[in-house]
There are 2 protein chains.
Amino acid sequence: MTHAEILSLINRSLVATLAYTDPTGRPDARRVFCTWHRGIGRHLISTNLSSSHAQSLLRNSAACLYFADDTAFEGLCLHGRAQVRTDREAKTMLWHPQDTMYYPGGIDDPDYCVIDFTTDDARYYRFDGKGDLTAAEIAEIDADCALEDGYAKTHGEA
Amino acid sequence: MTHAEILSLINRSLVATLAYTDPTGRPDARRVFCTWHRGIGRHLISTNLSSSHAQSLLRNSAACLYFADDTAFEGLCLHGRAQVRTDREAKTMLWHPQDTMYYPGGIDDPDYCVIDFTTDDARYYRFDGKGDLTAAEIAEIDADCALEDGYAKTHGEA
């Protein structure tokens, strides 16, 4: 896959699978809505602080974020760290007015948090072969990328 | 979700995400073609023995198998163990004539293996709520289920 094809897979995926280790040491996973990206290296996810994945990541931030397009037989596996953020900056950036449906207290709702995933290295898969990307290669690809909400970009949201 | 709805999610999913721990201790994941099921408790996947997921599972069989329907907002997370089998019984059961495309040596190709996943417990998610299933509850649900290839069943294969 070319770098452009990898970025396209990330940007057109609205959901991804987050894999992590639960407090008992078992592999665990969760399907997450994930539309905020900076290239391949950084991804933001808003979620409930009380959820089992946020609570697991607070104890062990090692994680894997997997984007897939089953129709195109494309997969991208990012290995890295997922930081659980409760600072107002991150929470304000990802906030949408309709989120009060999930967080009645608004941006300052104590159950609202942001998972900030940073990629250490990546592996991509496609019918025509697989390949790896190092942190240095990802930094180079991402140099021209901004952190933005791909959903707002493609769906014309404010 | 009712038990029938959980079984429907498994049976109509042709692919699932397998999460596991790599030899360095990091969470890792792979999208896998997974159509052989016995209810909720058992799932068979044919794959390359040389693949990083098979090699990781040989060292640490703790795994998580996640079925999702993003359109219906349904998710099923199975926690359990994934045994890498190279016995002829499992390899013969999952073999299709067209698999020579991936394994030129046929059923006895040394790179062909079967991942045999057994569920310890499960959590399901849907827009209307989540729930857990224990091993005892899964055994009861599965009592009337046979181990069969859901793909052959729905696609009319021999």
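The structure presented is a predicted model; accordingly, all values stated were derived computationally and were not measured. Lettering of chains follows the sequences in order, A, B, ..., and the numbering in each one begins at 1.
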| said: Tell me which of these, B:Ser52, B:Ala29, B:Ala19, B:Ala68, has more heavy-atom pairs under 4.5 Å with chain A than the rest. | reply: B:Ala29

| query | Any residues in residues 130-147 of chain B near chain A, with a heavy-atom distance under 4.5 Å, and which are they? | reply | none

| Between A:Tyr103 and A:Tyr112, what is the ring plane arrangement, given parallel below 30°, perpendicular above 60°, and tilted in between? | tilted

| query | Would A:Leu57 and A:Leu44 show up in the same hydrophobic cluster when neighbours are defined by side-chain heavy atoms closer than 4.5 Å? | reply | no

| Within a reach of under 6.0 Å around CZ of B:Arg59, are more than 12 heavy atoms found that belong to other residues, nucleotides or ligands? | no

| task | For the residue pair A:Phe117 and A:His43, categorise the inter-ring angle as parallel (less than 30°), tilted (30 to 60°) or perpendicular (more than 60°). | result | tilted

| query | Aromatic rings A:Tyr151 and A:Phe33: how do their planes relate, parallel, tilted or perpendicular, breaks at 30° and 60°? | reply | perpendicular

| query | For B:Arg123, is it the side chain, the backbone, both or neither that has a heavy atom under 4.5 Å from a heavy atom of chain A? | reply | side chain

| request: Specify which of A:Ala63, A:Gly75, A:Gly25, A:Gly80 makes the most heavy-atom pairs with chain B at under 4.5 Å. | output: A:Ala63

| Any salt bridge between A:Arg31 and B:Glu74, counting N to O under 4.0 Å? | no

| B:Asp70, part contacting chain A, at a heavy-atom distance under 4.5 Å | side chain

| message | Could you report the tightest heavy-atom contact between B:Asp99 and B:Leu94, atom names first, then the distance? | response | OD2-O, 3.8 Å

